[in-house]
Amino acid sequence: MSMRTMTRRARTAEPDPYSYGSRHYDLVKEFTIALVAVLALTFALAAVFSSPDEKPMTIASWAKADPGDFTATALAELDGSSATAGYGPPYNAAADGQKIGPLALAKALGVTHPIDTAQDFVLGPLGSAPQVPDVETALKQYQGASSDQQTKWTGAYSDALTKAGGDPTKVAASPDFGPTPVLLAQLLKQAQTGSLDGALLSEGGFYQTDYTLPLLFLADGSDLAAQADNEHLSGDQWGMMNETGNFPGQAWLWLYTFWYQISPYNHSDNADALVWGTMMVLTLAFVLVPFIPGVRSIPRLVPVYRLIWREHYRDQREQERLRTAGPPDIPATDGE
Amino acid sequence: MSEETQEGATGGWTGAMRRSAVKAFPPDKLLPDTQPKYVASWIYVFGVLTLAAFLVVLGTGGVLALKGPAWWHTSGFGHYVNSLHLWSVELFMAFMVIHLWGKFFMAAWRGRRVLTWITGAVAFVGSVGTAFTGYLVQQNFDSQWISTQAKDGLNAVGIGAFFNVTDFGQMLMWHIVLLPLVVGILVVLHILMVRHRGVVPPIALPGQELVAGEEAAR
């Protein structure tokens, strides 16, 4: 046998687990007991602790509870200053999106869910509903105006709204606002009656499952985040790994959430991309642990294995003791 | 011998697959009634507990699927089934994490068991994704908040271009079809690999004589 063959055999050889000795074991019985135990524990935990189900926020509930925030958000969607309007890919080309160093993955994938916030959140829902003549006129006036004129109207109304403490009812009428107040007041009415919830969802067909528009509209406002903060769900409260109430959430996301709490992630403009990049590298490292020098040696250095296999090592020590002690002395018998 | 006759004698592709399956998984290896003596620690229980919890997760999720995603919001029994689903997931993840740490400290990838580790690790990552999509399709405030927050991370690295967490329909399909299928296949492969290679033997103590092949397993 050549040395090469011997080496290859030595490399591929593996100890037979049963060469260490064996004992009786009932696989099916053990699994059945485990299944019954898990079922019992699950039934008990569900009976005692139940599960959370906090009602979702609707556009209607938001507009009724906080008409000022709704109006300010609608104005931001109309004048293009909302978070969604300036988001970038995959919603629009207003920004390049986040980067990991020079790597602009969001930009590379492009705009796949195009959203024009003025049209999709404000002008579209107003135009698709039957309106009184004043609103129809206002809509035509706004849509027929130049971009500069629209910006002047929304800018003047935005300033006035800020001076009025965000309360649209306290804003005195002015020709500087153009048709903006009429449009936003009508959108607020549609929102409060619940028709805007439907209008944002029903774009594109009868059956709908895509909640992107209403969710982004809600997220552009302040109330969704405020409620989340009350429920300790904000990013600086370890966010997504929590659940509403005192229920356990996705505790296994602790490492992902952890990065958002520390520098440089917690103040970077590319925080999300950096956290995802970090987690991708760590996930790959986790999957490939057996190939990473140093990491794969940790189990030998941290002797948890001695605890796990303590009976095996005790048996080995006993066998070694018996072996080194030699055969037991047999006392001599007279006459033999 | 003609090709057809030869195939008839060997059973063709089907016969070859049967022979290789029986060789890799003889009945006493697939359903053993003995196990190596060193398998004597509570840590070993967490593998089977993980599998049991996985089946409870699939079962409770199956009941929720039978009645549709909105059922549990309007029915007391439905809410209880949702609670069963939630707590079985919590148990499943807890058991799996303990199982994983146990296997890490056993260096359980030794002795040509690297793929067993990899399938287990990928199954864990897949389970995290499955649970995440489950939280997205709860149809309550938590789903709203998680989806509007998670979109930023996914969009930042381009995943949001084809995996839209604010699209309830898409997430429901991922949660109840695609991801459970992937995790289920990985779990089956993982278990078959454990049955094929056997439970990893103990690490040799310093200065101890290595069992044949143990050096290769280092």
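Below, chains carry the letters A, B, ... as their sequence lines are ordered, and counting in each starts from 1. This one's a predicted model, so the numbers in the text were calculated from it and none came from an experiment.
- By the 4.5 Å heavy-atom criterion applied to side chains, A:Trp309 and B:Ser41 are not counted as neighbours.
- Residues B:Phe168 and A:Asp210 fail the side-chain proximity criterion, which asks for heavy atoms closer than 4.5 Å.
- Contact annotation for A:Gln227: both backbone and side-chain heavy atoms come within less than 4.5 Å of a heavy atom of chain B.
- For a residue to count as touching a neighbouring chain, one of its non-hydrogen atoms must lie under 4.5 Å from one of that chain's; by this rule B:Val97 does not touch chain A.
- Contacts between A:His113 and chain B at a heavy-atom distance below 4.5 Å involve the side chain alone, from C-beta outward.
- Only the side chain of A:Leu218 comes within contact range of chain B, judged by heavy atoms closer than 4.5 Å.
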(request) Please lay out, stage by stage, how B:Leu51 and A:Phe31 fare under the test side chain to side chain contact (heavy atoms under 4.5 Å, CB included). (result) CA-CA 9 Å; B:Leu51 180 63; A:Phe31 176 74; 3.7 Å; yes
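- With chain A as partner, the option from B:Leu91, B:Leu49, B:Val114, B:Val56 having the largest number of non-hydrogen pairs under 4.5 angstrom is B:Leu91.
- Ranking B:Tyr44, B:Tyr135, B:Trp72 against chain A, the residue ahead of the rest is B:Tyr135, based on heavy-atom pairs under 4.5 Å.
- Residue A:Asp315 touches chain B through its side chain alone, counting heavy-atom pairs closer than 4.5 Å.
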(request) Take B:Phe105 and A:Leu307, measure what side chain to side chain contact (heavy atoms under 4.5 Å, CB included) needs, and give me the verdict at the end. (result) CA-CA 10 Å; B:Phe105 283 115; A:Leu307 185 67; over 6 Å; no
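- To the nearest 0.5 angstrom, A:Leu105 atom CG is 12.0 Å from B:Asn155 atom CG.
- For a residue to count as touching a neighbouring chain, one of its non-hydrogen atoms must lie under 4.5 Å from one of that chain's; by this rule A:Thr283 touches chain B with the side chain only.
- Remark: B:Lys67 NZ is loosely packed, at most 12 non-hydrogen atoms of other residues, nucleotides or ligands lying under 6.0 Å away.
- Of the listed residues (B:Ala40, B:Ala53, B:Ser143), the one with the most heavy-atom contacts under 4.5 Å to chain A is B:Ala40.
- The distance from the CZ atom of A:Arg306 to the CD1 atom of B:Ile203 is 10.0 Å, given to the nearest 0.5 Å.
- A:Tyr87 has its side chain within reach of B:Lys151: a pair of non-hydrogen atoms, C-beta onward, lies under 4.5 Å apart.
- In terms of heavy-atom proximity, B:Leu30 sits nearest to A:Leu27 at O-CD2, 3.9 Å.
- The two residues B:Glu90 and A:Gly249 have their closest heavy-atom pair at OE2-O, 3.0 Å.
- There is no contact between B:Leu172 and chain A, counting heavy-atom distances below 4.5 Å.
- Within the 3.5 Å criterion, the main-chain N or O of A:Ser50 finds a donor-acceptor partner in the side chain of B:Trp87.
- The main-chain N or O of B:Pro202 is never found under 3.5 Å from a side-chain atom of A:His312 such that the two would form a donor-acceptor pair.
- Taking all atoms of both residues into account, the shortest heavy-atom contact from B:Ala131 to A:Trp252 is CB-CZ2, 3.7 Å.
- Heavy-atom distances place no part of A:Ala271 under 4.5 Å from chain B, backbone and side chain included.
- With a 4.5 angstrom heavy-atom cutoff, A:Val275 does not touch chain B via any of its atoms.
- Both the backbone and the side chain of A:Ala225 come within contact range of chain B, judged by heavy atoms closer than 4.5 Å.
- In this structure, A:Tyr18 contributes its side chain and B:Thr34 its backbone to a donor-acceptor pair below 3.5 Å.
- Within a 6.0 Å radius of CG in A:Asn230, more than 12 heavy atoms belonging to other residues, nucleotides or ligands are found.
- Two residues are said to be in side-chain contact when any heavy atoms from C-beta on lie closer than 4.5 Å; A:Pro17 and B:Tyr38 meet this criterion.
- Of the atoms belonging to B:Phe95, it is side-chain heavy atoms, and not backbone ones, that fall under 4.5 Å from chain A.
- Residue A:Met280 touches chain B through its side chain alone, counting heavy-atom pairs closer than 4.5 Å.
- Contact check for A:Phe49 versus B:Ser83: no side-chain heavy atoms found under the 4.5 Å cut-off.
- Although no hydrogens or angles enter the test, the distance criterion places a donor-acceptor pair under 3.5 Å between the side chain of B:Trp145 and the main chain of A:Leu233.
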(message) Set out, in order, the CA-CA distance, both residues' side-chain angles and the distance that settles side chain to side chain contact (heavy atoms under 4.5 Å, CB included) for B:Phe104 and A:Phe286, then state yes or no.
(response) CA-CA 10 Å; B:Phe104 174 77; A:Phe286 163 60; over 6 Å; no
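- Of the listed residues B:Gln35, B:Lys37, B:Met106, the one with more heavy-atom pairs under 4.5 angstrom with chain A than any other is B:Gln35.
- Judged purely by atom type and a 3.5 angstrom limit, A:Ser51 has no side-chain atom pairing as donor or acceptor with the backbone of B:Leu86.
- If you measure heavy-atom distances from B:Leu115 to chain A, you find no contacts under 4.5 Å at all.
- B:Asn164 and A:Thr212 form a side-chain donor-acceptor contact under 3.5 Å, judged by distance and modelled atom types alone.
- Neither the backbone nor the side chain of A:Pro214 comes within contact range of chain B; no heavy atoms are under 4.5 Å apart.
- Considering only heavy-atom pairs separated by less than 4.5 Å from chain A, the leading option among B:Val128, B:Thr148, B:Ile118, B:Asp152 is B:Asp152.
- Considering all non-hydrogen atoms of both residues, A:Val38 and B:Ala52 come closest at CG2-CB, 3.9 Å.
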(request) Apply side chain to side chain contact (heavy atoms under 4.5 Å, CB included) to the pair B:Phe162 and A:Thr112, showing each step before the final yes or no. (result) CA-CA 8 Å; B:Phe162 53 87; A:Thr112 53; over 6 Å; no
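- Of the listed residues (A:Asp26, A:Leu109, A:Asn270, A:Leu45), the one with the most heavy-atom contacts under 4.5 Å to chain B is A:Leu45.
- In this structure the side chain of B:Asp167 reaches within 4.5 angstrom of the side chain of A:Thr209, judged on heavy atoms.
- When heavy atoms are compared at a cutoff of 4.5 Å, A:Leu103 does not approach chain B at all.
- The nearest pair of heavy atoms linking A:Tyr256 to B:Gly153 is OH-CA, 4.3 Å.
- With a 4.5 angstrom heavy-atom cutoff, B:Ile43 touches chain A only via side-chain atoms.
- For chain A, the option among B:Val165, B:Leu154, B:Leu84 with the highest count of heavy-atom pairs below 4.5 Å is B:Leu84.
- Taking 4.5 Å as the limit, some side-chain heavy atom of B:Ser147 sits within range of a side-chain heavy atom of A:Leu215.
- With a 4.5 Å cut-off on non-hydrogen atoms, A:Glu54 touches chain B through its backbone and its side chain both.
- For A:Ala228, the parts sitting under 4.5 Å from any heavy atom of chain B are the backbone and the side chain alike.
- Remark: side-chain polar atoms of B:Gln144 are paired, donor with acceptor, to backbone N or O of A:Met57 under 3.5 angstrom.
- Using a 4.5 Å heavy-atom threshold, the side chains of B:Asp142 and A:Pro52 count as separate.
- Looking only at distances, a side-chain donor or acceptor of B:Tyr80 sits under 3.5 Å from a matching main-chain atom of A:Phe43.
- The line from CG of A:Leu224 to CD of B:Gln149 is 8.0 Å long, rounded to the nearest 0.5 Å.
- Closest heavy-atom contact between A:Pro90 and B:Gly160: CG-O, 4.3 Å.
- A side-chain N or O of A:Asp53 and one of B:His73 form a donor-acceptor pair less than 3.5 Å apart.
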